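Remember, it's a predicted structure, so these values are computed and weren't measured experimentally. Here is the naming used below: chain letters follow the sequence lines, and residue numbers restart at 1 for every chain.
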There are 2 protein chains.
Amino acid sequence: MKEGPDIARVAALLGDPARANMLTALMGGKALTATELAQEAGVTPQTASSHLAKLEAGQIVIPRKQGRHRYFTLSGPDIVEALEVMMGIANRVGHNRVRTGPKDPELRRARVCYDHLAGDMGVALFDGLSKRKLIKTDLNGVALTDAGVDFANGFGIDLAALRQNRRPLCRECLDWSARQSHLAGSFGAALLDRFYDLGWARRMSESRIVRFSAEGEQKFRELVGD
Amino acid sequence: MKEGPDIARVAALLGDPARANMLTALMGGKALTATELAQEAGVTPQTASSHLAKLEAGQIVIPRKQGRHRYFTLSGPDIVEALEVMMGIANRVGHNRVRTGPKDPELRRARVCYDHLAGDMGVALFDGLSKRKLIKTDLNGVALTDAGVDFANGFGIDLAALRQNRRPLCRECLDWSARQSHLAGSFGAALLDRFYDLGWARRMSESRIVRFSAEGEQKFRELVGD
DNA sequence: TTCATCATTCGATTATCATCGAACTATGAA
DNA sequence: TTCATAGTTCGATGATAATCGAATGATGAA
């Protein structure tokens, strides 16, 4: 006992409902102000301020001052990873929130998972790219095929730039709502960016929902080979 | 807000020091009894029982009754993953436990990370296999090379059997003590098993420490090309 | 059966912490 | 300057939950 790093301190910081709501909101990838986070968490600004001070002291979030606002972001990809894993666990053991709001169906359909597409359409994307043999999955994980490289270039994705990053190009990410994998990694993020740029989809404000336009969805269906 | 699975409930279960200590102990891979876990956590049996009831209700651990003992194990690999990620975060932000016991140096040298080798020697293994080009790391992660496959067969590892499993063969796992990657996945686990079988090393009881014999260490050094 | 050990339940205590009202500071706009 | 908004600090309140002593049930050993 008394071995190693202190998990409890980190876990306790994620273990309060108000803080968990804030962090989940920050998984959207956008920096949010203290008041926005207070609303997300459903608490008063005073309470939110106290929570944010704790999260900041624990180096879970990083504040950035701009004018009279303070914008908060998650302190690193490891935080995202931790939240993702815990969502997977919570989903597996059936720890869903008591009230599932009206936004729930849309969320399960298409949402942003920090920077890539998740939900049913995220899973469809993964399956579609696999079926078209643009990505392949083996025991070592997911990888882009030669055909996939050609596709990426044709689709307007600069693979060379992505490779600059230390981050893996392709990564599986367990989708808590669909119980299947969707595509993460820098390639997954780049795909979603292209969907935005092409006008196929856009982020709903104040939410993780990704809404596709009619044409956008049709193009998407063609892409995944439906 | 009010979207998705309830992270907070899971995180709160991991967020108590006593429970975190218990779970860390279970990362050793062995099933432990309630009293053993009470000792690990540094609390009385009554308190431990209360914690274990909570963990069981939250499906974080699974009890198995045997005689008058109750043996507990982690409920799935996702729990291990969550604990690992949180250790990484805790280490990054410097949340180490206040008292670092006398076992600390040995732990940092060689310990079991659920089922594979971690610590300095775990990192040395990863580096050694890379240098000998038995494994390779690219943007898609770690993979066994052709030479690596030959090596595994010669070393007494049944890759065909490992492939039965859905689990990835090779996986990087961030070592919290060395701040570098060591080798996880079913191949990583199989390697450690062989070290045990060959008598190179053995598990210390009541701890995650892996202790190498003198000859064992020498063989290990040859293996990693020192 | 009798005894010892493992584990749980109950009850009481204690400490921690989330919460919010009120007051205060800081920044920007008019 | 004056006003409005963003955010924090302080203090009080209330609820939750961790802890352990004592008692109870359950299993195996003698």
Side-chain angles (χ1 to χ4, degrees), chain A residues 1-2 6-26 30-58 60-73 95 97-98 206, chain B residues 1-2 6-26 30-58 60-73 95 97-98 206:
Chain A
M1 57 174 161
K2 308 274 174 281
D6 192 359
I7 305 178
R9 235 162 114 183
V10 178
L13 284 171
L14 315 187
D16 173 81
R19 287 194 292 265
N21 283 336
M22 291 178 175
L23 295 171
T24 305
L26 288 175
K30 273 197 314 188
L32 297 174
T33 66
T35 23
E36 284 171 332
L37 289 169
Q39 286 181 325
E40 287 287 342
V43 293
T44 60
Q46 302 96 300
T47 307
S49 183
S50 147
H51 286 305
L52 288 168
K54 287 189 175 70
L55 288 173
E56 189 186 341
I60 306 297
V61 300
I62 296 178
R64 194 164 44 88
K65 196 155 189 172
Q66 196 169 53
R68 54 179 163 181
H69 293 280
R70 278 183 86 205
Y71 284 91
F72 291 88
T73 49
H95 279 179
R97 285 210 188 73
V98 263
E206 317 279 324
Chain B
M1 58 174 158
K2 308 272 173 284
D6 192 359
I7 306 177
R9 235 162 113 182
V10 178
L13 284 171
L14 316 187
D16 175 82
R19 287 195 292 265
N21 283 336
M22 292 179 175
L23 294 171
T24 305
L26 288 175
K30 272 198 312 188
L32 298 174
T33 66
T35 22
E36 285 171 330
L37 289 169
Q39 286 181 326
E40 287 287 344
V43 293
T44 61
Q46 303 95 301
T47 307
S49 185
S50 146
H51 285 304
L52 288 168
K54 285 188 176 72
L55 289 173
E56 190 186 342
I60 306 297
V61 301
I62 295 179
R64 194 165 42 90
K65 196 153 190 174
Q66 195 170 54
R68 55 180 162 179
H69 293 282
R70 277 184 86 204
Y71 285 92
F72 291 87
T73 49
H95 280 179
R97 283 209 189 73
V98 263
E206 317 277 325

Write down the protein N/O and nucleotide N/O pairs, taken from nucleotides 16-18 of chain C, whose separation is under 3.5 Å; answer none if there are no such pairs.
unit_1	atom_1	unit_2	atom_2	d
C:dA18	OP1	A:Arg19	NH2	3.3
C:dA18	OP2	A:Lys54	NZ	3.3

Please list each protein N or O that sits under 3.5 Å from an N or O in nucleotides 10-13 of chain D, with the distance.
none

Under the criterion side-chain contact (heavy atoms from CB on, under 4.5 Å), I'd like the reasoning laid out for B:Ser50 against B:Lys54: C-alpha separation, chi angles, the key distance, then a yes or no. CA-CA 6 Å; B:Ser50 146; B:Lys54 285 188 176 72; 3.5 Å; yes

Reading nucleotides 24-30 of chain D from 5' to 3' and marking B where a protein heavy atom lies under 4.0 Å of the base, S where only the sugar-phosphate is that close, and - otherwise, the string is ---BS--

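Neither OP1 nor OP2 of D:dA6 sits under 4.0 Å from any side-chain N or O of A:Thr33. In terms of phosphate contacts, A:Thr44 brings no side-chain nitrogen or oxygen within less than 4.0 Å of OP1 or OP2 of C:dT19.
Partners of B:Ala34 according to the side chain to side chain contact (heavy atoms under 4.5 Å, CB included) rule, which considers only residues two or more places apart in sequence or in another chain, are B:Leu52, B:Phe72. When the salt bridge (charged side-chain N to carboxylate O under 4.0 Å, His left out) test is applied to B:Arg9, no partner is found at least two apart in sequence or on another chain.
Interatomic distance, B:Leu26 CG to B:Leu37 CG, rounded to the nearest 0.5 Å: 5.0 Å. Atom CG of B:Asp16 sits about 4.5 Å away from atom NE2 of B:His51, to the nearest 0.5 Å. Distance check, rounded to the nearest 0.5 Å: OG1 of A:Thr35 to NE2 of A:His69 gives 7.0 Å. Here the straight-line distance linking atom CD1 of A:Ile62 with atom CG of A:Leu55 works out to 12.0 Å at 0.5 Å rounding.
The separation between A:Arg70 atom CZ and C:dA26 atom C1' is 12 Å, rounded to whole Å. One atom, NE2 of A:His69, and another, P of D:dA4, lie 17 Å apart when rounded to the nearest Å. The nearest whole Å value for the distance from the CD atom in B:Glu56 to the P atom in C:dT9 is 10 Å.
When all heavy atoms of B:Met22 and B:Ala41 are compared, the pair lying nearest together is CG-CB, 3.9 Å. In this structure, B:Ala31 and B:Thr73 approach most closely via the heavy-atom pair CB-CG2, 3.5 Å.
Salt bridge present: B:Arg70 and B:Glu56 bring a charged side-chain N and a carboxylate O closer than 4.0 Å.
A donor-acceptor contact shorter than 3.5 Å is absent between the side chain of B:Ser49 and the backbone of B:Pro45. Checking side-chain atoms of B:Arg19 against main-chain N and O of B:Ala12 turns up a donor-acceptor pair under 3.5 Å.
Side-chain contact check for B:Ile7 versus A:Leu23: every heavy-atom pair is 4.5 Å or farther apart.
Where the helix from C:dT1-D:dA30 to C:dA30-D:dT1 starts and where it ends, the local axes point in directions that differ by 30°; five pairs per end, rounded to 10°.
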